[in-house]
Amino acid sequence: MKRKDILYSGKAKSVYTTDDADRLILEFRDDTSAFDGEKVEQLARKGRVNNYFNAFIMQKLAAAGIENHFIERISDNESVVRRLEMLPVECVVRNLAAGSLCRRLGIEEGRELKPPVFEFFLKNDALHDPMINESHIRTFGWATDEEVAQMQSLTLAVNTVLRDLFAAGNMLLVDYKLEFGRYQGRLLLGDEFSPDGCRLWDAQTREKLDKDRFRQGLGGVIEAYEEVAHRLGIPLD
Ligand code: TMP
Ligand code: ASP
C-alpha cells in the first residue's frame, strides 16, 4: 500500500490517499488538542499508543459483528482503513455523568446513568460541536432517518461490547464518541476509538485514565493511556 497525497489533516490525525481508491491511510500524530483546538500540545508516544489502541478496539468490535473501516495497522503511527463518506455528526453514549452533561444539566459527576444517555453533536469546531437532535439532522439532511436509527443502535451495541472489555481491566467506560460513514450502501463505524475520545476511570479509585488528564492539566496523560493499554493486554512493543 503506497501512501500518496494528504486528503485531510485533523487535530490529532492526518488522512492520506493511497494507490487504492477505496483505501486511506490514517496517521496518528502526537498532537493533543482540547476545547475545540484551543489547547494543543505534542505528547511523545501518543500517536503510537492511539494507533495500537484503535487497532485493538476496532478488531474487537469487528469480531463482535460491528462493521468498521479498520483494515490493518501498517506502522507505529499508521493504519489502513476503508474510505468512507463521513457523516458530520458525532454520537455520544454516557454510562456515568461527566463533562458537558454535568455542565449543561447540573448533574453531579459520577452519577450512574440508567439507561445510558445517547446524544448527537454536530461536528463543527467553529461552533464548538453543538448538541443537535434528530429533527435537526432530518431538516438539514446530515443523515437519513434510517442512518439515524442505525447510528443509535450501533453506538449502543458498541457500549455492550466495550463496557465488558474495560470492566475486565478494572475500568469504567464513562462515555465515548463515535463517528460513522457511508460505504457501499452501508453505514460503517469510522474515525477512531482511543482514550482521546472516551472517558475511562479506574473502577475502584475512579482515577481518570483518559484525555481529561490533558483537559484538566492533571499530568501523566500518556502514562495513563499506556496503563489502559496494559490493562487490556495491548502489546505496545
Ligand atoms: P463531552 O462531555 O465533552 O460532551 O464529551 C463526551 C465524550 O465524547 C467524551 O468522552 C469526549 C468525547 N468527545 C470527543 O472526543 N470529541 C468531541 O468533539 C465531543 C463532542 C465529544
Ligand atoms: N477533541 C476535541 C478538541 O480537540 C474535543 C475535546 O476533546 O475536548 O477540541
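Start at 1 and go down the list; that is how both ligands and their atoms are numbered.
Residue contact check for ligand 1: Arg94 places a non-hydrogen atom closer than 4.0 Å to it. Heavy atoms of Asp196 approach ligand 1 to within less than 4.0 angstrom.
Leu24 and Phe180 fall into different hydrophobic clusters, where Ile, Leu, Val, Met, Phe, Trp and Tyr are joined by side-chain heavy atoms under 4.5 Å apart, directly or via other members. The same ILVMFWY cluster, assembled from side-chain heavy atoms under 4.5 Å apart, contains both Leu87 and Leu61. Under the 4.5 Å side-chain heavy-atom criterion for Ile, Leu, Val, Met, Phe, Trp and Tyr, Phe28 and Met58 are members of distinct hydrophobic clusters.
For ligand 1, the atoms sitting less than 4.0 Å from at least one non-hydrogen atom of Cys198 are 10 (O), numbered in the order shown with element in parentheses. Listed by atom number, the atoms of ligand 1 under 4.0 Å from Val92 heavy atoms are 6 (C), 8 (O). Those atoms of ligand 1 with a heavy atom of Gly99 less than 4.0 angstrom away are 2 (O).
The heavy atom nearest to atom 7 (C) of ligand 1, considering only Asp175, Leu178, Asp125, Asp210, is found in Asp175. With Ala97, Ser33, Ser100 as candidates, the residue nearest to atom 1 (P) of ligand 1 on a non-hydrogen basis is Ser100. By heavy-atom distance, the residue among His128, Glu192, Lys211, Lys177 lying nearest atom 13 (N) of ligand 1 is Lys177.
With hydrogens and angles ignored, the 3.5 Å screen pairs no side-chain donor or acceptor of Arg215 with any backbone N or O of Phe35. For the pair Arg163 (side chain) and Val158 (backbone), a donor-acceptor distance under 3.5 Å is absent.
Among the atoms of Arg215, none of the N or O lies under 3.5 angstrom from an N or O of ligand 1. The shortest N or O to N or O distance between Arg104 and ligand 1 is not below 3.5 Å. Between Arg103 and ligand 1, not a single N/O pair is under 3.5 Å apart.
Under 4.0 angstrom from ligand 1, there are no non-hydrogen atoms of Lys123.
Sorted by first and then second residue, the salt bridge (Lys or Arg N to Asp or Glu O under 4.0 Å) pairs involving residues 167-176 (not counting sequence neighbours) are Arg94-Asp175, Asp175-Arg199.
The aromatic rings of Trp142 and Phe140 lie tilted to each other, with the angle between the two planes from 30° to 60°. Between Tyr176 and Phe193, the ring planes lie tilted relative to each other; the angle falls in the 30° to 60° range.
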